[in-house]
Number of protein chains: 2
Amino acid sequence: MGMDTELIKGTLSLLILSLLSRKPMYGYEIATTVGQDTGGAFDWKEGSLYPSLHKLEKDGLIRGQWQGKPGERRRKYYHLTKGGRAVLVEKSESWGQLCRAVNQVLEKSK
Amino acid sequence: MGMDTELIKGTLSLLILSLLSRKPMYGYEIATTVGQDTGGAFDWKEGSLYPSLHKLEKDGLIRGQWQGKPGERRRKYYHLTKGGRAVLVEKSESWGQLCRAVNQVLEKSK
DNA sequence: TCCCTATGCATAGGACTCCTATGTATTATA
DNA sequence: TATAATACATAGGAGTCCTATGCATAGGGA
């Protein structure tokens, strides 16, 4: 998709939290899910995704647990913490405010 | 306003172009206008605004001209170039795509 | 069997955006 | 006459995201 990458900044952590509010997921699953859900609008790179997951965990918003019975592929499942759920609500509201504010300016310029 | 600053990134140049599509404006006027139009949602700092204006000019999207008859306050008025107008259209479309994509994910998580 | 692709996680280094802090100068106001 | 508001500018740093690279396993086709 031809979406301006500059405009994407800041949405990564919001969307990771949102996706994990559905159910625990592992990194690769998060990336493919957000791609599918948006018709390919997002194509997160490993170099963005994994450091972001590590930071969210460091900040206590998500927690990761290695899973994999012997013979299974090793995956790190992340789930939202209570704090992460609260931040998700805040970030969602901020996102709504941003949308309204930007669209106000764009509308007024027409 | 309590708007998450991370989410703001990328909107600065879009909104500057949008504001200048109304009429030529000088830097300080741009900052106060975007604040008024959004009820204070944006509070752009000089350290963000002026470098951004310089970059937009360097990229050929806007052009600045010093104005000020003697006795008047010296102001640098910027106006959109033809290229700037085209980029504004592109960026507006990208912004719309981003909004839809993010909201798709958020909605699906409810 | 062997190679290639997809899956799955990770990090170093760099580009880019925005902010804080600071500087200069003029005009209006208390 | 001091202070706030106006008006522009830049250096330095923090933070976010990307490119590039590395490692490892599973599955499918030749």
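Naming convention: chains lettered A, B, ... in sequence-line order (proteins, then strands); numbering from 1 in each chain. What you see is a predicted model; the values in this text were computed from it and never measured.
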W44(B) CH2 to dC8(D) P: how many Å, rounded? 14 Å
Specify the residue among Y77(A) and D43(B) whose closest nucleotide of DNA chain C lies further upstream toward the 5′ end. Y77(A)
Side chain of E57(A), backbone of G64(A): donor and acceptor closer than 3.5 Å? yes
Counterpart residues, salt bridge (Lys or Arg N to Asp or Glu O under 4.0 Å), relative to K82(B) (two or more places apart): none
Take atom CZ of R74(A) and atom C1' of dA10(C), then tell me their distance rounded to the nearest Å. 9 Å
Atom pair CZ/NE2 of R85(B) and H79(B) - distance to nearest 0.5 Å: 10.5 Å
Rounded to whole Å, how long is the line connecting atom CH2 of W66(B) with atom P of dT26(C)? 12 Å
Spacing of D59(B) atom CG relative to dC16(C) atom C1', expressed in whole Å: 12 Å
Mind checking the NE2-CD1 spacing from H54(B) to I62(B)? Nearest 0.5 Å is all I need. 8.5 Å
Choose from dT11(C), dT26(C), dC8(D) the nucleotide whose nearest atom is closest to any side-chain atom of R73(B). dT26(C)
Using nucleotides 13-17 of chain D, report all nitrogen or oxygen pairs with the protein that are shorter than 3.5 Å.
{"unit_1": "dT16(D)", "atom_1": "OP1", "unit_2": "E6(B)", "atom_2": "OE2", "d": "2.8"}
{"unit_1": "dC17(D)", "atom_1": "OP1", "unit_2": "G10(A)", "atom_2": "N", "d": "2.7"}

Do the side-chain N or O atoms of H54(B) get closer than 4.0 angstrom to the phosphate oxygens (OP1, OP2) of dT10(D)? yes
Using side-chain heavy atoms (C-beta onward) and a distance below 4.5 Å, is Y50(B) in contact with Y28(B)? yes
Which pairs would a plain distance check flag for residues 5-16 of chain B, meaning a side-chain donor or acceptor within less than 3.5 Å of a matching protein atom at least two apart in sequence or in another chain?
{"unit_1": "T11(B)", "atom_1": "OG1", "unit_2": "I8(B)", "atom_2": "O", "d": "2.5"}
{"unit_1": "S13(B)", "atom_1": "OG", "unit_2": "K91(B)", "atom_2": "NZ", "d": "3.4"}

Inter- and intrachain pairs under salt bridge (charged side-chain N to carboxylate O under 4.0 Å, His left out), touching residues 23-34 of chain A, at least two apart: K23(A)-E29(A)
Rounded to the nearest angstrom, tell me the gap between atom CG in L49(A) and atom P in dT19(D). 14 Å
Residues touching DNA chain C, which here means a heavy atom under 4.0 Å, drawn from residues 22-32 of chain A: Y26(A), G27(A), Y28(A)
Are the side chain of T81(B) and the backbone of G60(B) linked by a donor-acceptor contact shorter than 3.5 Å? yes
In chain order, what residues pass the salt bridge (Lys or Arg N to Asp or Glu O under 4.0 Å) check against R22(A), with sequence neighbours excluded? D37(A)
N or O in side chain of Y50(B) less than 4.0 angstrom from dA9(D) OP1/OP2: no
Name the nucleic acid region contacted by K76(A), choosing base, sugar-phosphate or nothing; use a 4.0 angstrom heavy-atom cut-off, strictly under. sugar-phosphate
